[in-house]
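Because only heavy atoms are used, hydrogens play no part in the values below, and waters and symmetry mates are left out as well, while side chains stay in.
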Amino acid sequence: MAKTAFSSFAKTTAGGVLCLAMTVGILASGAATIRGREEGAAGSFTLDVPSPEESGEAVAEDDFPIDPAVTSPEAATEQGVQQEALPDLTAEAGSETTSAPQQTGTTGVVLSLPSVLGAGRLAFGQRTLELEGIVPVDLDKQCTTAGGDTWPCGEMARTEFAEYLRGRTLDCGLASAEWTGTTTAHCTVAGKDLSLWLVENGWAEAVPGSEFETAAKQAREAGLGLYGPDPRAAGSDGL
């Protein structure tokens, strides 16, 4: 009876082992099959890349020959191709150049702090400037009135000229603010020509042939400045 029980147990155990072995075999076979399918699918896949002709993309520049007759400026001109003119950068750069501080855009040179040596004669340090177109009046000049009296018209002419200037800056027609000795030039103050002012007020004589002759004649006929009475006497009468 003990033998029969043992035999039955052995059969049961062997059957369980056989069943487990079969299960393991089936699982291993299925895994191998799945791996084979994946490898086969991966190996057979090919990326289909279209050619440049099929995709419509631009091809190399060498495929389109360039006609040099069209690209050259001379050929473009001959064929009537209009080219846009480039700006003149040289002219623009040149327009940025500034002149020296003493230069002006009107008559030439700005001169400051003039010393009045006489009517029509000015000093700037050791340099002298005489107004052009007139005869500067000497400081010691004496004038005679219609009644025969003399008066120091040279000193009076300088006084009147200095009062008119009042130390203002002159704008003179000079090429440079640097000169030596004595020079002549037309000068203005606030746009008024100083030579003309002196002549038309009778405080200077015009150079023969100058543009101020007419103004000098009118001042002479009117008895102004050098051609009139002693202004000091006129001032005394008015006191």
State whether the side chain of [X] and the backbone N or O of [Y] hold a donor-acceptor pair below 3.5 Å, judged by distance alone.
X    : Y    : answer
W179 : T128 : yes
E160 : M156 : no
D138 : D140 : no
R127 : T183 : no

Between [X] and [Y], what is the shortest heavy-atom contact and its length?
X    : Y    : result
A216 : A206 : CB-CB, 3.9 Å
L198 : A119 : CD1-C, 4.0 Å
P136 : R121 : CB-NH2, 3.6 Å
T145 : G228 : CG2-O, 4.3 Å
C153 : L226 : CB-CD2, 3.7 Å
L170 : C187 : CD2-CB, 4.0 Å

Quiz item: Could you go step by step and tell me if L139 and L117 meet the side chain to side chain contact (heavy atoms under 4.5 Å, CB included) rule?
Solution: CA-CA 8 Å; L139 190 59; L117 301 179; over 6 Å; no
What distance do [X] atom [atom1] and [Y] atom [atom2] have between them, rounded to the nearest 0.5 Å?
X    : Y    : atom1 : atom2 : answer
L131 : C172 : CG    : SG    : 7.5 Å
W151 : K141 : CH2   : NZ    : 9.5 Å
E205 : R220 : CD    : CZ    : 7.0 Å
S195 : E130 : OG    : CD    : 10.5 Å

Quiz item: Do NZ/NE/NH1/NH2 and the carboxylate oxygens of R232 and E155 come within less than 4.0 Å?
Solution: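 E155 and R232: not salt-bridged.
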Below 4.5 Å, heavy atoms only, C-beta onward: do [X] and [Y] meet side chain to side chain?
X    : Y    : value
L122 : L111 : no
E221 : K217 : yes
L174 : L129 : yes
L194 : I134 : no
V137 : W203 : no
F212 : E132 : no
N201 : L224 : no

Quiz item: Should F161 and V189 be counted in the same cluster of Ile, Leu, Val, Met, Phe, Trp and Tyr side chains packed under 4.5 Å apart?
Solution: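 Same cluster: F161 reaches V189 through Ile, Leu, Val, Met, Phe, Trp or Tyr contacts under 4.5 Å.
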Exercise. Quick one: do T144 and D149 satisfy side chain to side chain contact (heavy atoms under 4.5 Å, CB included)? Show the steps, please.
Key: CA-CA 5 Å; T144 304; D149 297 327; over 6 Å; no
Practice problem: Anything under 30° is parallel, anything over 60° is perpendicular, the rest tilted; go ahead and classify Y164 against W197. | Solution: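 The arrangement is parallel - the two ring planes meet at less than 30°.
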